[in-house]
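Structure first, then comments.
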2 protein chains.
Amino acid sequence: MKTHPVTGTLRSRRIARSRQRLVEIALPAFAEHGYDAVTVDRLCDQAEVSKRSFFRYFDGKEDLALTPLNDVWRTLITDLDAVLARSGPLLAVLGDALVDAVEQMPPGWERLAVLSARLGGTHPEIDAAGVVVCERLTQQVVDTIAARLSGTSGADLSARFVCAAMIAGHRAAVDTWQSAPGAETTATRAELCALIRTSLAGAPAALEIRLP
Amino acid sequence: MKTHPVTGTLRSRRIARSRQRLVEIALPAFAEHGYDAVTVDRLCDQAEVSKRSFFRYFDGKEDLALTPLNDVWRTLITDLDAVLARSGPLLAVLGDALVDAVEQMPPGWERLAVLSARLGGTHPEIDAAGVVVCERLTQQVVDTIAARLSGTSGADLSARFVCAAMIAGHRAAVDTWQSAPGAETTATRAELCALIRTSLAGAPAALEIRLP
DNA sequence: TAGCAAACTGGCACTCAGTGGCACTTGGCA
DNA sequence: TGCCAAGTGCCACTGAGTGCCAGTTTGCTA
């Protein structure tokens, strides 16, 4: 998704509506007919948005498919300066912020997020496209940490490991969350947040796992 | 790259040669003219391979661009069963195996790997394509660990964190390695292996980094 | 409130990665 | 040596994605 800050103007609200319409049409269609069988042309017809504009709103078809999940990362990116101004273990700070970002998602987000997560599970190239946003987040975290902890050797590498752990933990949580039976209609953000917290809490010890 | 085990037959050797020719033509061309400006058609003309066969050998243009780096992961995947039969901390076992895989790369690999790594740095979609192979590796590690440590709660999640750390550490090491001045001609696998070892050794403590 | 400029839209032609189908070629093995 | 499977290249095609441009809409200021 390309950046269009929602500022309350008619313009930005109209764009947000078109985007939302596309997401709401696309994800159920992908789930029902298959990602590859549903073309961008078809989605644009149904949403009454030109294809040219589609590609102005989204970075591509995969970006559309991942919108609900990527919106969480994008929210975290938006809030990042404030988040990184806090004190405490970086992993905990980012984990809390990630949970906050999930809680900020609009009503009804869960259904689309479950559909989106399921696509990632069956299409590696969609999953891979999710990496682009996460990498942007990681780079911003690294840059901010490097500036804030200048003088601490290896701070940037540490920040990279923390982000990698956070992303992996989030991924594991989302996988568990979407795979529960009936999740399309019953999944809650509270469940997802709990799964994220549990997952991230175990990360440091996880690195000590041994083969017997 | 699609799987074509190199078994010593004429057939498999011919395929390997065609692939290698494509990689050796593509990476310098990408570096000189830009990834987007160099088309698959053009590369196939130069390598005297049909485009149809190109897409039989590679999973796509990005896969071609990442071949040197992905060959490392693929080697690790091939060796994985033997690797995971060892004892010790999983991160160390995998880290050692990763270093072994780098050492197994053919002579001259360094130059192409540096070019490949630089593409990933400037084209997020290429970087993202590298995730596909890493995710395949991760899944195999997780499956094997789950089977081997059945009864240990959370073993699969731990394995995921370990793989995430290994991949992040490798990534950091490669970035440092390729960014050294003159790396196209002077980079050595010994340097890269040392960087990987150092990077991975710091992973557990990295998760404890604090914001002041 | 009107006018202007910037932001946005859609139509259209086009490129290029990627693929199915099929006839032909090559290699491996009994 | 013959047969069959693996592999090849040609060709037509699809669909994601983009540049260009004229027209429309919106926001802002005088």
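Proteins get letters first, then strands, A, B, ... in listed order; numbering begins at 1 in each. None of these values were measured; they are calculated from a predicted model.
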Q) Does Y57(B) make a side-chain N or O approach to OP1 or OP2 of dT8(D) shorter than 4.0 Å? A) yes
Q: Report yes if some heavy atom in the side chain of L137(A) is under 4.5 Å from a heavy atom in the side chain of V133(A); otherwise report no.
A: no
(Q) Within the structure provided, determine whether F54(B) and L64(B) are in side-chain contact (heavy-atom separation under 4.5 Å). (A) yes
Q. To the nearest angstrom, how far is D45(B) atom CG from dA17(C) atom P?
A. 12 Å
Q) Nearest-Å distance, CZ (R13(A)) to P (dT25(D))? A) 17 Å
Q | Atom-pair distance (CG on D59(B); P on dG18(C)), nearest Å | A | 9 Å
Q. Please give, in whole Å, the distance from dC13(D) C1' to F55(B) CZ?
A. 14 Å
Q) If each of F54(B) and K51(A) is mapped to the nucleotide of DNA chain C with the nearest heavy atom, which maps nearer the 5' terminus, i.e. the 5' end? A) K51(A)
Donor-acceptor contacts under 3.5 Å from residues 139-146 of chain A side chains, at least two apart:
unit_1	atom_1	unit_2	atom_2	d
Q139(A)	OE1	R160(A)	NH2	2.8
Q139(A)	NE2	D143(A)	OD1	3.1
T144(A)	OG1	Q140(A)	O	2.8

Report all interatomic pairs (protein N or O, nucleotide N or O of nucleotides 24-30 of chain C) with separations under 3.5 Å.
unit_1	atom_1	unit_2	atom_2	d
dT26(C)	O2	R11(B)	NH2	3.1
dG28(C)	OP1	L10(B)	N	2.7
dG28(C)	OP1	R11(B)	N	3.3

Q) Which one, dG21(C), dC12(C), dT9(C), comes nearest to the side chain of R52(A)? A) dC12(C)
Q: Pull out every residue in residues 31-43 of chain B that has a heavy atom closer than 4.0 Å to any atom of DNA chain D, ordered by number, or say none.
A: none
Q: Mind checking E125(A) for me? I need base, sugar-phosphate or nothing, with any heavy atom below 4.0 Å counting as a touch.
A: nothing
Q: Please assess R197(B) against D96(B) for the test salt bridge (charged side-chain N to carboxylate O under 4.0 Å, His left out), listing each intermediate value before the final yes or no.
A: CA-CA 8 Å; R197(B) 288 192 192 283; D96(B) 289 340; 3.0 Å; yes
Q: List the steps and the verdict of side-chain hydrogen bond (donor to acceptor under 3.5 Å, both in side chains) for S12(A) and T9(A).
A: CA-CA 5 Å; S12(A) 65; T9(A) 64; 3.2 Å; yes
Q. What is the distance from CD1 of I15(A) to C1' of dA7(C), rounded to the nearest Å?
A. 8 Å
Q: Examine K61(B) relative to Y35(B) and say whether NZ or CZ is less than 6.0 Å from the centre of the six-membered ring and inside a 45° cone about the ring axis.
A: yes
Q | OP1 or OP2 of dG10(C) under 4.0 Å from side-chain N/O of S53(A) | A | yes
Q: Answer yes if the side chains of H33(B) and R42(B) hold a donor-acceptor pair under 3.5 Å, and no otherwise.
A: yes
Q: Give the rounded distance in Å between these two atoms: CD of E62(B) and C1' of dG17(D).
A: 13 Å
Q.
Measuring from atom CD of E103(A) to atom CG of L192(A), what distance do you get when rounded to the nearest 0.5 angstrom?
A. 10.0 Å
Q) So which heavy atom on E62(B) is nearest to which on A129(B), and how close? A) CB-CB, 3.6 Å
